[in-house]
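Okay, so here's the structure we're looking at.
All figures in this text were calculated on a predicted structure; none of them were measured in a lab. Quick note: numbers below take in every heavy atom, side chains included, and nothing from hydrogens, waters or symmetry partners.
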Amino acid sequence: MINLAMNEHRLAKPGPQNAALRDYDSVRRAIAFISEHWRTQPTIEAMADAASVTPDELHHLFRRWAGLTPKAFMQALTLDHAKGLLRDSASVLDAALDSGLSGPGRLHDLFVTHEAMSPGEWKNGGAGMTLRYGFHPSPFGTAIVIASGRGLAGLAFADPGEEPAALADMQRRWPRATYLEDRDGTSALAQRVFDTRLWRADQPLRVVLIGTDFEVRVWETLLKIPMGRAVCYSDIASKINSPKASRAVGAAVGRNPVSFVVPCHRALGKSGALTGYHWGITRKQAMLGWEAGQVGVH
């Protein structure tokens with residue numbers, strides 16, 4: 001049984017969206033439109049109409065949100081861009097694993113230190129663990145931040161009205177843990193994740209990985225992919241000495257409980273296809289485009 005200490009009324013009615021969530025809603029609609037029509041290179045007027053904002057509003061929103069113009073953002077979402085992310089990805093991952101660094105892109109990336117829960121803790125479904133959670137605005141919709149006493153244990157995303165389902169999805173991963181709603185207690189973690197000014201090597205973000213040994217190995221490999229790059233599942237399989245396990249790697253990537261920080265969005269199909277993403281392809285595209293803005297990929 002899951003021991004829940006939550007305010008059901010607040011969970012069902014999370015309240016009005018703040019500016020960050022309204023921004024993401026406009027971005028989400030624009031991205032969905034661009035994803036369907038990028039081959040025709042739609043005008044900014046068409047993008048803005050799909051997002052229910054003016055062209056000027058969309059231009060300023062994208063500049064503020066990702067550091068890109070809408071046109072550059074559209075280019076960042078094309079298949080050519082996805083293929084470009086994969087170019088030389090194997091050698092990038094080799095260098096990262098050999099040196100323990102992620103290359104120049106690491107200057108713009110989260111500085112993360114991590115540890116894995118013991119196999120026993122995972123097998124027990126989180127029994128004896130107390131996990132605190134809170135809903136927070138983010139560039140990619142409402143973020144559900146889950147913290148253990150050791151650090152960030154979970155990060156998920158939800159569109160408006162889907163918060164309860166997204167939280168339940170995370171709780172099923174550790175069904176015997178005790179869950180406490182603590183927005184104030186998790187707000188500092190949310191800020192550390194999404195405020196790039198706080199990405200500091202001398203104050204690394206501590207992440208706790210809770211999964212099988214195989215899953216943890218896959219997630220640790222994801223942490224080595226620098227921002228602005230991507231790898232395909234077969235490359236990850238090779239790096240963990242399981243070259244025939246691409247499908248199992250894909251499943252482990254999909255079960256990553258710490259979205260964005262453990263960058264499962266940087267895993268692509270061999271052709272550069274975005275393939276599936278647990279929190280939605282549009283959100284995966286948004287993350288890749290946002291990162292393109294952070295590292296100056298135009």
Side-chain angles (χ1 to χ4, degrees), residues 85-86 88-103 105-106 109-127 129 131 146-156 169-170 172-177 193 201 204-270 273-279 284 287-288 291:
L85 291 176
L86 283 173
D88 300 325
S89 62
S91 62
V92 169
L93 191 53
D94 278 334
L97 293 174
D98 289 343
S99 66
L101 300 174
S102 298
R106 191 63 170 176
D109 212 342
L110 285 165
F111 289 90
V112 176
T113 181
H114 69 278
E115 64 174 296
M117 288 286 194
S118 70
E121 288 173 306
W122 173 79
K123 289 179 181 178
N124 288 335
M129 292 173 54
L131 297 176
I146 298 178
S148 75
R150 305 186 198 180
L152 179 67
L155 179 63
D169 176 77
M170 296 299 285
R172 283 192 291 269
R173 299 164 189 258
W174 314 292
R176 300 179 66 189
V193 171
L205 176 68
R206 178 166 290 279
V207 174
V208 180
L209 303 179
I210 310 174
T212 66
D213 289 343
F214 181 83
E215 289 171 343
V216 169
R217 287 164 59 202
V218 170
W219 301 338
E220 288 175 334
T221 304
L222 292 174
L223 282 167
K224 299 291 187 180
I225 306 171
M227 182 181 285
R229 292 284 187 173
V231 300
C232 58
Y233 300 116
S234 59
D235 286 334
I236 297 173
S238 295
K239 298 311 166 191
I240 62 172
N241 297 316
S242 300
K244 297 182 179 180
S246 294
R247 184 168 296 181
V249 165
V253 169
R255 287 193 292 267
N256 169 32
V258 191
S259 181
F260 184 66
V261 174
V262 178
C264 49
H265 58 281
R266 298 178 196 162
L268 306 179
K270 200 168 186 68
L274 295 180
T275 66
Y277 186 62
H278 191 74
W279 308 112
K284 182 172 185 173
M287 290 177 180
L288 291 172
E291 290 184 345

Test Lys239 against Lys224 for side chain to side chain contact (heavy atoms under 4.5 Å, CB included), laying out the working first. CA-CA 11 Å; Lys239 298 311 166 191; Lys224 299 291 187 180; over 6 Å; no
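- Side-chain contact between Thr113 and Leu205: absent, with no pair of heavy atoms (C-beta onward) separated by less than 4.5 Å.
- Between the CG atom in Leu222 and the CG atom in Leu209 there is a gap of 10.0 Å [rounded to 0.5 Å].
- Pairing each heavy atom of Ala177 with each of Leu131, the nearest pair is CB-CD1, 4.0 Å.
- In this structure, the separation between CZ on Arg206 and NE2 on His114 is 10.0 Å, given to the nearest 0.5 Å.
- Between Pro257 and Trp219 there is a side-chain heavy-atom pair separated by less than 4.5 Å.
- Heavy-atom minimum distance, His265 versus Phe260: CE1-O, 3.7 Å.
- In terms of heavy atoms, Ala252 sits closest to Phe214 at CB-CE2, 4.2 Å.
- Scanning all heavy atoms of the two residues, the minimum distance from Trp174 to Gly126 falls at CB-CA, 4.4 Å.
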Please test Ile210 against Met129 for side chain to side chain contact (heavy atoms under 4.5 Å, CB included), starting from the C-alpha separation and ending with a verdict. CA-CA 11 Å; Ile210 310 174; Met129 292 173 54; 3.7 Å; yes
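- The two atoms that bring Val258 and Val208 nearest to each other are CG2-O, 4.4 Å, heavy atoms only.
- Contact record, Met170 with Leu155: CE-N, 3.9 Å, taken as the closest heavy-atom pair.
- Rounding to the nearest 0.5 Å gives a distance of 10.5 Å between NZ of Lys284 and OG of Ser259.
- For the pair Val207/Leu223, no side-chain contact is recorded, criterion being any heavy-atom separation below 4.5 Å from C-beta on.
- Side-chain contact between Ser242 and Arg217: present, with at least one pair of heavy atoms (C-beta onward) separated by less than 4.5 Å.
- Looking only at side-chain heavy atoms (C-beta outward), Ile146 and Leu152 stay at 4.5 Å or farther from each other.
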Between Asn256 and His278, does a side-chain hydrogen bond (donor to acceptor under 3.5 Å, both in side chains) hold up when you go through it step by step? CA-CA 9 Å; Asn256 169 32; His278 191 74; over 6 Å; no
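- For the pair Met287/Arg266, no side-chain contact is recorded, criterion being any heavy-atom separation below 4.5 Å from C-beta on.
- You'll find the side chain of Tyr277 stays beyond 4.5 Å of the side chain of Val253, heavy atoms only.
- At least one side-chain heavy atom of Arg255 sits less than 4.5 Å from a side-chain heavy atom of Glu215.
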Pair Val231, Thr221 - check side chain to side chain contact (heavy atoms under 4.5 Å, CB included), show working. CA-CA 10 Å; Val231 300; Thr221 304; over 6 Å; no
